[in-house]
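See below for the structure under consideration.
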Number of protein chains: 2
Amino acid sequence: MRVVKSAEERKNEILDVAEQLFAEKGFDNASTNDIIKQIGIARGTLYHHFSSKEDILDAIVERITRNGIARARAIISNTDMPLQERLTGAVLALNISGEAGEEVFEQIHKPQNALLHQKMQERLLGGVVPLIAALIEEGNRSGIFESEYPAEAAEMIMIYASAAFDEHLDLKAEEIERKGRAFILHIERILGAEEGILREAIMKILLRQMKSAERKKAGTEKEEKQRRTHRKPCREGKRSDP
Amino acid sequence: MRVVKSAEERKNEILDVAEQLFAEKGFDNASTNDIIKQIGIARGTLYHHFSSKEDILDAIVERITRNGIARARAIISNTDMPLQERLTGAVLALNISGEAGEEVFEQIHKPQNALLHQKMQERLLGGVVPLIAALIEEGNRSGIFESEYPAEAAEMIMIYASAAFDEHLDLKAEEIERKGRAFILHIERILGAEEGILREAIMKILLRQMKSAERKKAGTEKEEKQRRTHRKPCREGKRSDP
DNA sequence: AAAAGATTGACCGACAATCTGTCGGTTACG
DNA sequence: CGTAACCGACAGATTGTCGGTCAATCTTTT
C-alpha cells in the first residue's frame, strides 16, 4: 500500500488537491486531514514535504501567480505590438486568467479566503507594477502618455483592477460593462492619454481572444457540466477501511 | 465569584478585550480562551453573547467603522465648506482615523489579519463610496468636476486609498509624501478637475488639523506616554472583589 | 402589601470533536 | 547501505455545545 514518488511529483499532487480544497471550502475550513485523506497519504508525509499548512498556501499562490505574471511579462516585452495594446493586454492577462486558477478565482473572493486573496494580490502587485510602470515611462517618451508619477499610476491601476472586479459574482452583465468602460476612461485620464486610445486597444485584444476561444470551444462543454455537479462531496467522515 | 452584568455591558467588555487581543496577536492566533481568561468569565458566557468567534470579529469591525463613516458623513454634509475640502476631508477622515482604532490600524495590515482587513475595507467602501459619488455629481453640476462615471470614480479613489497606504510600515517619509502627491494629482485627473484644486484643499485641512492638535497638546502628553507603556497589560485577571 | 412561587436570562465549566504539527520508526530506491 | 520518502500514534490546543446553577424580576397567593 505504500507508494513512493519523487518529491516534486508528490508535492504537486498535494498542491493540486489542496488548491481544489481551499477553493471549495476556504483555507480555514479545509483541513490537512481532508488533503491527506483525498490523496491517500499519511500525516507525516504531508509535513515531510511542507512545513506547515500556510506553507502549502504560499506554494499554491506562487504556482498560480507565476503563470499570470509570466503571461503579462511576455505581452509587455512583445515590442511588435503597439504600446497601448501591451498595456491593456498585460492588465487583462492577470484578471481573466483562464485555465489553471479559474476555480480558485471563482471562490477566492468569499470572506473565507481573505488570506489567499491578500497573498495573491500582494504577489501580483509586486511582480507586475514595476513592469507597468516601465511601460508608462516608455509611453511618456513616445508622447502618447503624460504621467508625472508612473510608478504610482501603475500601482493605482493594478490595485483597482485586482480589487474592483471582486464583486463580479452579484453584478449584472451591463454593470460589469459599464465598470469596464469607466475603468478604461479613468486609466486614460490618469496617464494623460488621448481619450479613446486604450478603448481601441482593448477592443482589438478582446476580439482576438474571442476568436481563439471560438476555435477550442468544442472540447470544453462536457467539462463544464462535470464541474458543476461535483461541487460538494456532501458525505464526509464515516471512514470504514478494514 | 459570579458577577452578573447587563448584556450590553458584558458584550462591550468582550469586544474591548477581543479587539485588543486581535490587534496584538492576530485573529487566528488570539484564542477565545485568551479572551475569557483575561476577562474572567467562563466559556459558556462568551458563547451566550456571541454565536462564534467570527461573530465577535464582525461586531468589532462594525464598532470601529461606524465612527469613521459617521465622521466622513458629517464632513460631507457640512455644506459650509467648499466642495473640494469636503471631498478630501471625507477621504482623510477614514484613513487617519485617530483615537479608537489606532492600535488596530497599526496591526491590521499584517498577513495575520487578512480577514479583519478585508471586512473593514468592505464595510468602509460600502458605506462611503455612495457619499463620495454624490459629492462628485455635485461637483459636476457646479462645474469644478467633469466626471462621466461618478460612482466608479468614487470606488476607484476609495479602493486605492484604503489599499495603497497599507505598506506605510516599511515606507520612508519622503516616499509617503510622494505617494500622497501622486494620489491627489490622479484624483484630480480622474475627476476632470483643474490641476491643483484638491492639493490646495488638502493643505487647508491639514493646517487646520495641525492647529487643533497644537491646541490640545498640553493635556495629551501624559496620556501619550501612558498609552505607550500600557501596550501590554502583562498582569491579567486576579480579580478580588469581596 | 408581604410572602411564596414561577420565569427569565446571565453565567458556569466539563466535554466532544477537531485540527495542527511532531517524532521515532519503517520501507523502498539508488 | 545510506538516504529520503513514508507512516501513524500522539501531544497540545482550539472551537462550540449542553445541561445545569444562580440571581433578579414578575406573578400569584394569602
If I take atom CG from residue Leu92(B) and atom CD1 from residue Ile75(B), how far apart are they, to the nearest 0.5 angstrom? 8.0 Å
What residues 7-14 of chain A contributes to the DNA chain D interface at heavy-atom separation below 4.0 Å is Ala7(A), Arg10(A)
Suppose we screen for salt bridge (charged side-chain N to carboxylate O under 4.0 Å, His left out). Which residues come up paired with [X], at least two apart in sequence or across chains?
| X | value |
| --- | --- |
| Asp58(A) | Lys119(A) |
| Lys11(B) | none |
| Asp16(B) | Arg63(B) |

Closer than 4.0 angstrom, basic N to acidic O: yes or no for Glu175(A) and Lys179(A)? no
Atom-to-atom span, [atom1] of [X] to [atom2] of [N] - whole angstrom:
| X | N | atom1 | atom2 | answer |
| --- | --- | --- | --- | --- |
| Glu54(A) | dG21(C) | CD | C1' | 14 Å |
| Phe50(B) | dG9(C) | CZ | P | 18 Å |
| Ile56(A) | dC19(C) | CD1 | C1' | 13 Å |
| Ile39(A) | dC6(D) | CD1 | P | 10 Å |

Are Arg43(A) and Thr32(A) side-chain neighbours, meaning at least one heavy-atom pair lies under 4.5 Å? yes
Set of residues satisfying ring pair (Phe, Tyr, Trp, His ring centres under 6.0 Å) with respect to Phe27(A), sequence neighbours excluded: Phe22(A)
Is any side-chain nitrogen or oxygen of His48(A) closer than 4.0 Å to OP1 or OP2 of dC6(D)? no
Angle between ring planes, His186(A) versus Tyr149(B), binned at 30° and 60°: parallel, tilted or perpendicular? perpendicular
Treating primed atoms plus P, OP1 and OP2 as sugar-phosphate and everything else as base, which nucleotides of nucleotides 8-15 of chain D get B, S or - for protein heavy atoms under 4.0 Å? BB----SB
